[in-house]
2 protein chains.
Amino acid sequence: MTLTSKAQNHAYSEHKTSRYVDCENCSMQPVCLPIGSENQAIDLTSNYLTRRVEVSAEKNSSSLLSQATGVKLFDQAKPLTAIFAVCSGTFKLSQQNEEGIETIVGFRFPGEVMGEDALFLNVYNYSAIALGDNSVCQVFVAPLSACSKVAPELQQNLIQLLTKQSYEQQLNNQALIGKKSADCLLAAFLLNICQRNAKHSGNATEIELSISRHDMANFLGIRRETLSRLLSKFQQEQLISFKEKQLSLLSLEHLKRLANN
Amino acid sequence: MTLTSKAQNHAYSEHKTSRYVDCENCSMQPVCLPIGSENQAIDLTSNYLTRRVEVSAEKNSSSLLSQATGVKLFDQAKPLTAIFAVCSGTFKLSQQNEEGIETIVGFRFPGEVMGEDALFLNVYNYSAIALGDNSVCQVFVAPLSACSKVAPELQQNLIQLLTKQSYEQQLNNQALIGKKSADCLLAAFLLNICQRNAKHSGNATEIELSISRHDMANFLGIRRETLSRLLSKFQQEQLISFKEKQLSLLSLEHLKRLANN
DNA sequence: ATCTTTTGTTGATCTACATCAAATATAAAC
DNA sequence: GTTTATATTTGATGTAGATCAACAAAAGAT
């Protein structure tokens, strides 16, 4: 894989049509926009922030298929060096148990932060794997900590970041825990990911979904076959349309009713 | 209900046999032990911390049964005023949807923190309900924020608290999301709660479990009948013993194997 | 004490989903 | 292009757990 830095320390603001998320819609914003305090004229972010690092699958590079294995941004159980915000593309967060069985514990879309829950033990709790050609912003932890010692305002912003993450983590999980039937689970999931993508795409009913059935089923805790059948059923019932990775939610109302059990 | 304060601002350290958790085993510790910096001689905690507030069910007080409804410490959707650490007893964290259907989103045992995920929107995301006669430490948010402005060290400690919570939240949920069978789910749950209680009780195989079958089943997303059958089966198979709210894990090995699917 | 309500257990049946299996579609490799 | 691997869909069958129902035990209310 390649990690190609195209660092420039300006905030990005682009058209909604761009595949890159605007800084103003990014959860990392509190710690990676220059701090506006008077006595802190220097831009601390230059010390710890690298903007828009490409995470590209090098095709034909090895015997492993990029589609199947993806490209790892960071690795479960390795020491924490940086936390990341997704600029473009989708990441899956994956854990492996002792027997090597993979469990997908979440997905991250543009504007969302990952790795921050490693700040407690300084070890990544999961691997982050790029689904396709993605890019991220990289916030190095050691200099971030150093900077926050001289800038209380930055510390305050870090708290803001962490509380938001805690809240959203809760929200994403609660959509899935304790759901009875598989169709309500799937409806909740589809609504959840469209909602999250709407923050930067501006469209809560359509997304380009690069997650494979395998990973989706793994995350939802159902079989691929069941997922496939449900997607077919949802399409027949005109709840969604889904072809060529393009997913549209056709009836938000009906889906929401389904998702609420 | 009654909230009786027995505030004294000393750290509590008691014998393992006590039903109250020691401060040294409490997740709130980073923000509620006096800060030891030289130029910050005053004890900030006196400004925001109230130790050991009793949360007691007033029996015969109303038509509502205390056992069934429990005693609310704080209420979903209400503005955040304080975050709490459990001193003794067990709390259930409960959400209600528009139709009034209850979903248990977690439990909190002595030494564990709750309400901190409301720091993002300043609104509680769930109700906390005491199962029995409990006590908590109460950390008022407004003065805590004020104090942290003058004591960067406190801010640092708050970050530590939040990262730990983020980590543990992840850990507790991951034990449950994507589990296939109900017995592996139950095994994971029993191991999880014993583990968490061991931090203060020192015993990872025995706990006094005051959670009703109803709440346990609700949290696990299975039916009470199924839970009852599984508990019977686990007892027959000598995996656990469970009578009079006293739960013992008889074979950690076997349970762990079960929990790993 | 009795009466009532809630909580927990056990049995019988039904259904949603897993599992097994095979076919088709898509993408990578040559 | 062809071949091979991987992803996805569809069908047939079995089973775990939901649902319905009745009963037992415990806790509160009177």
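Residue numbers start from 1 in every chain, and the chains themselves are labelled A, B, ... in the order their sequence lines are given, proteins ahead of strands. Everything quoted here is computed from the prediction, not taken from an experiment.
- In this structure, CZ of Arg213(B) is placed 6 Å from P of dG8(C), rounded to the nearest angstrom.
- Here the P atom of nucleotide dA25(C) and the CD atom of Glu244(A) are 13 Å apart, to the nearest Å.
- A straight line from CG of Leu185(B) to P of dA18(D) spans 10 Å, rounded to a whole angstrom.
- Using modelled atom types, one finds a donor on one side chain and an acceptor on the other under 3.5 Å when comparing Ser135(A) with Ser88(A).
- Rounded to a whole Å, the CG atom of Asp215(A) is 14 Å from the C1' atom of dT8(D).
- Rounded to an integer number of Å, the gap from NZ of Lys243(B) to C1' of dT9(C) is 17 Å.
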Under 3.5 Å between N/O atoms: give me all the protein pairs with nucleotides 10-14 of chain D, atom names plus distance.
| unit_1 | atom_1 | unit_2 | atom_2 | d |
| --- | --- | --- | --- | --- |
| dT10(D) | OP2 | Ser232(A) | OG | 2.8 |
| dG11(D) | N7 | Arg229(A) | NH1 | 2.9 |
| dG11(D) | O6 | Arg229(A) | NH2 | 3.3 |

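- Taking the six-membered ring where the residue is Trp, the centroids of Phe107(A) and Phe91(A) are separated by 6.0 Å or more.
- As rounded to whole Å, 16 Å separates atom P of dC17(C) from atom CD1 of Ile222(B).
- Comparing the helix axis at one end of the helix from dA1(C)-dT30(D) to dC30(C)-dG1(D) with that at the other, each defined from 5 consecutive pairs, gives an inter-axis angle of 50° (nearest 10°).
- Taking every heavy atom of both residues into account, Asp75(A) and Ser127(A) meet most closely at OD1-OG, 3.1 Å.
- The list of salt bridge (charged side-chain N to carboxylate O under 4.0 Å, His left out) pairs with a residue in residues 101-116 of chain A, not counting sequence neighbours, reads Lys92(A)-Glu102(A), Glu112(A)-Arg196(A).
- Using a 3.5 Å distance cut-off with no hydrogens or angles, the side chains of Ser201(A) and Asn203(A) do not pair a donor with an acceptor.
- Closest to the side chain of Arg223(A), from the set dT9(D), dA18(C), dT9(C), is dA18(C).
- Within residues 233-241 of chain A, no residue has any heavy atom closer than 4.0 Å to DNA chain C.
- Under the rule for a ring-ring contact (aromatic ring centres under 6.0 Å, His included), Phe109(B) has no partner lying at least two apart in sequence or in another chain.
- The CG atom of Asp183(A) sits 14 Å away from the C1' atom of dA18(D) (whole-angstrom rounding).
- Taking the salt bridge (charged side-chain N to carboxylate O under 4.0 Å, His left out) definition, one finds that Glu168(B) meets it with Lys199(B), sequence neighbours left out.
- In this structure, a donor-acceptor pair under 3.5 Å is present between the side chains of Asp117(A) and Tyr126(A).
- Rounded to whole angstrom, the span from the CG atom of Leu230(B) across to the P atom of dA16(D) amounts to 11 Å.
- For Phe84(A) and Phe74(A), the ring centers are positioned less than 6.0 Å apart.
- Under the 3.5 Å distance criterion, the side-chain polar atoms of Asn134(A) are matched with a main-chain donor or acceptor of Thr90(A).
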Go through the steps for Leu255(B) and Phe234(B) under the test side-chain contact (heavy atoms from CB on, under 4.5 Å), then give the verdict.
-> CA-CA 9 Å; Leu255(B) 283 169; Phe234(B) 279 18; 4.2 Å; yes

